[in-house]
Number of protein chains: 2
Amino acid sequence: MAARTTGGRVTRRRVRTRADLLDAAFAVFAAKGFGHVSIEEVCQAAGYSRGAFYSNFDSLDELFFALYRERAELIAEQVSGALAVDGPDLDVPAAVDRVTEVLLLDRDWLLVKTDFLVHAARDPAVARTLLEHRARLRRAIADRLGRARGHCALPAVLGDADGAAHAVVAAYDGVTTQLLLDGDVARARGWLKQLLTALLTDGSGTTARAERIV
Amino acid sequence: MAARTTGGRVTRRRVRTRADLLDAAFAVFAAKGFGHVSIEEVCQAAGYSRGAFYSNFDSLDELFFALYRERAELIAEQVSGALAVDGPDLDVPAAVDRVTEVLLLDRDWLLVKTDFLVHAARDPAVARTLLEHRARLRRAIADRLGRARGHCALPAVLGDADGAAHAVVAAYDGVTTQLLLDGDVARARGWLKQLLTALLTDGSGTTARAERIV
DNA sequence: ACCTTCGGATACATCGGTGTATCCGATACA
DNA sequence: TGTATCGGATACACCGATGTATCCGAAGGT
């Protein structure tokens, strides 16, 4: 049994070890991809023996899951923060800038996240977790969009703010794919900005337009 | 050496075996994901021994690569075909229907393709191959869009037809991600239709609008 | 039909990873 | 500071996958 459910001693050494293992795992997973990584490798990268691993986790899957949860939580907070900066009115380009900063900057995270997606695509239980996480993000976006609705009209094709949020997430996912392949962050940010502008404005120039980057 | 470069006998038994292995590999990869699959498993699924495998391929990677090439080629042809149906004028909704039919119907293919993406994201050489493939598709789309340009104006934010093609591919990738998670093909097609409509029309109703599905 | 070449099967040696049982130094609490 | 518990290290037995060398039946040419 790895997860300390019983309320024994706190043992700060343990939490340190666990954190070290998670950090090392992040690096190793990003570099080689889940599925091409052995427990041994993670331990070696973290500077611990396999005994330490089994004392903290039951399996590679469990560690991978824990790792994803941790980082995803972090990102979600950052995104919420970036969306909450403005007042009641929404400055679309500025918000897009801040959000892409958080979402597209860390290539390692994108790699791990995609690995997790692939994992989830084959395991309904995992998929549900990921879907919930995405739904939370979408709700945050829809709320933000809704609050600024009077200010900038959304194109009718997308339906309500929720539909628009879906579109935003899809755009983000699409750009992520391209970024994973060419590794060009600046370009990706440019594309994302364009896409979001095209999606969130009615095309008649109500809100600011992104300049073309390419 | 596996690849028959020397011009020896043709041996139709060999091509059959190779095809069987590729088919079995497709099923196994789709089910378990590259990285969680052993050579042994593929052989077992195909009904051959490992000797047959090593006689046809050098490694799992090589087989995976060959598999991807084969299927990607197939899909590319189908998409080109679907785009070529119309006359000089482009019927956007109809074309979208036909293309999504090809692109979103086969979940197994999406799974394998995503595995390949993950693979490519960590290997520049592989990434180049995939990028070229995507560029070909994009060009086909841009051509099609360009031919119909007079008919339906593109929104200015996306720039030229090439920019629009980029956007189309991004939308497709974004919807794919969602589809991988919830497995709802009908919904995915609806979203894709909406997204493309939002992206490819100027929002003033020049071309037909997709009805909301959700 | 022959026989040469080919292709897949079988057997074997090896290796790396896994999980577990046990041990000993570290750590928290009195 | 003593001590009971904890946490990570070490050692071991095991398994499954790998790659190769060899063998024999199958296919194709003449």
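Chain naming here is simple, since letters A, B, ... match the order of the sequence lines and numbering starts at 1 in each.
Between the side chain of B:R122 and the main chain of A:A30, a donor-acceptor pair closer than 3.5 Å is present. For the pair A:N56 (side chain) and A:A52 (backbone), a donor-acceptor distance under 3.5 Å is present. Checking side-chain atoms of B:S55 against main-chain N and O of B:G51 turns up no donor-acceptor pair under 3.5 Å.
A distance of 6.0 Å or more separates the ring centres of B:F64 and B:Y68.
Between B:R18 and the phosphate of C:dG7, there is no side-chain N or O to OP1/OP2 separation shorter than 4.0 Å. Remark: A:T11 is in phosphate contact with D:dG7, judged by side-chain N or O atoms under 4.0 Å from OP1 or OP2. Contact annotation: B:S55 side-chain N/O to C:dG8 OP1/OP2 distance is under 4.0 Å. A close approach under 4.0 Å does occur between a side-chain nitrogen or oxygen of A:N56 and OP1 or OP2 of D:dG8.
Taking atom CG on A:D20 and atom P on D:dG7, their separation rounds to 15 Å, with Å as the unit. In this entry the distance linking CZ of A:F57 with P of D:dG8 reads 10 Å, nearest Å. Rounded to an integer number of Å, the gap from CZ of B:R16 to P of D:dG28 is 13 Å. Atom pair B:R12:CZ and C:dC6:C1' shows a separation of 14 Å (rounding to whole Å applied). To the nearest angstrom, C1' of D:dA17 lies 15 Å from NE2 of A:H36.
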Can you give me the N/O atom pairs linking the protein to nucleotides 21-25 of chain D at distances under 3.5 Å, or say none if there are none?
| residue | atom | partner | partner atom | Å |
| --- | --- | --- | --- | --- |
| D:dG25 | N2 | B:R13 | NH2 | 3.4 |

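Between A:R134 and A:D173 there is a salt bridge, since a side-chain N of the basic residue sits under 4.0 Å from a carboxylate O of the acidic one.
Distance NE2/A:H119 to NE2/B:H36: 5.5 Å, rounded to 0.5 Å. For the atom pair A:L117 CG and A:L110 CG, the distance stands at 12.0 Å (nearest 0.5 Å).
You'll find the side chain of A:V96 stays beyond 4.5 Å of the side chain of A:R189, heavy atoms only.
Summarising the geometry of A:D115 relative to A:F29, their closest heavy-atom pair is OD2-O, 4.1 Å, with the distance given to 0.1 Å.
Each of D:dG8, C:dT10, D:dC6 was ranked by its minimum atom distance to the side chain of A:T17; first place goes to D:dG8.
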> Going 5' to 3' along nucleotides 12-19 of chain C, which nucleotides have protein heavy atoms under 4.0 Å from the base (write B), which only from the sugar-phosphate (write S), and which from neither (write -)?
Replying inline: -----SBB
